Amino acid sequence: MAIELDPDWPGLTVKSDSSGKGGPDLNRATIKEIAGLLEKALQKLTTPTPPPATAVATARGERAELSGPPPGGGSLPDLQLQCALSDEHLGKWLTAQQFTMAINTSYSVLVGERGQKGGGLYSSTIEQYKAVIDTLYEIAKAYDGAEVANEGTAPKTGA
């Protein structure tokens, strides 16, 4: 099975000569820009947001609604802080215990075991996301090195 390059990918141009031969040309600046944009998006997944208000003080006779979660809430640290429950939060009757068990199972699958880093799907996604960003930077770096080698110019040393 051959690898097919997406001709519409922004960091790639496929060039061919008059004989129909040619190959891909990577636009290193665009690849680095894409990696930078991915890093900014990753920050939203890994940066905690301020906890939402749980009570509002108002003057007598006035009503105010709670604001809800902040914009962008839902990062991994937010989930680790807000979604972990224990038996002490819910009660000891059978339904509460079953509900706690279901929540804890969901939490461990999605977020990871309480008190431990990694392990959940969310954490795995973040690790894979970081690997993609690192790979894009390495592609640009390797392509730069290969281009210098092909041109036959040796890098200057400090001597």
Side-chain angles (χ1 to χ4, degrees), residues 1-56 65-86 89 99-159:
M1 177 161 116
I3 296 175
E4 290 187 31
L5 301 174
D6 182 357
D8 295 329
W9 194 67
L12 175 72
T13 54
V14 179
K15 53 183 179 174
S16 61
D17 57 16
S18 59
S19 66
K21 295 182 180 180
D25 185 30
L26 299 178
N27 184 334
R28 293 166 311 282
T30 302
I31 291 172
K32 290 176 186 175
E33 180 183 339
I34 291 168
L37 293 171
L38 290 173
E39 278 181 315
K40 285 181 183 176
L42 179 62
Q43 286 178 344
K44 292 179 183 178
L45 295 176
T46 57
T47 304
T49 55
T54 56
V56 177
E65 293 188 27
L66 294 175
S67 61
S75 68
L76 180 59
D78 292 344
L79 293 174
Q80 291 169 334
L81 175 68
Q82 302 290 336
C83 297
L85 297 177
S86 67
H89 291 106
F99 180 71
T100 301
M101 190 172 22
I103 293 296
N104 286 335
T105 301
S106 299
Y107 181 90
S108 66
V109 169
L110 294 174
V111 179
E113 292 297 324
R114 244 179 291 171
Q116 295 180 359
K117 282 201 165 232
L121 295 174
Y122 207 105
S123 297
S124 297
T125 300
I126 289 172
E127 289 173 20
Q128 292 172 4
Y129 202 126
K130 287 178 184 175
V132 167
I133 294 167
D134 292 343
T135 301
L136 287 172
Y137 281 128
E138 286 299 317
I139 287 171
K141 183 179 172 183
Y143 200 83
D144 284 339
E147 191 166 276
V148 168
N150 284 339
E151 291 173 359
T153 57
K156 293 182 182 180
T157 58

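Small disclaimer: the values here were computed from a predicted structure and weren't measured. Residues take their numbers from the sequence shown, with the count starting at 1.
- Considering only heavy atoms from C-beta on, Val132 stays 4.5 Å or farther from Gln128 through its side chain.
- Interatomic distance, CG of Leu38 versus CG of Asp134, reported as 11.0 Å (0.5 Å rounding).
- When all heavy atoms are compared, the tightest approach of Ala140 to Arg28 is O-CD, 3.6 Å.
- Judged by distance alone, with hydrogens and angles left aside, the side-chain atoms of Ser108 form a donor-acceptor pair with the main-chain N or O of Thr105 at under 3.5 Å.
- From Leu42, atom CG reaches atom CD1 of Ile133 across 5.0 Å, with rounding to the nearest 0.5 Å.
- Minimum interatomic distance between Glu39 and Tyr137 (heavy atoms only, all atoms of both residues): OE1-OH, 2.9 Å.
- Taking 4.5 Å as the limit, every side-chain heavy atom of Asn27 sits out of range of all side-chain heavy atoms of Ile31.
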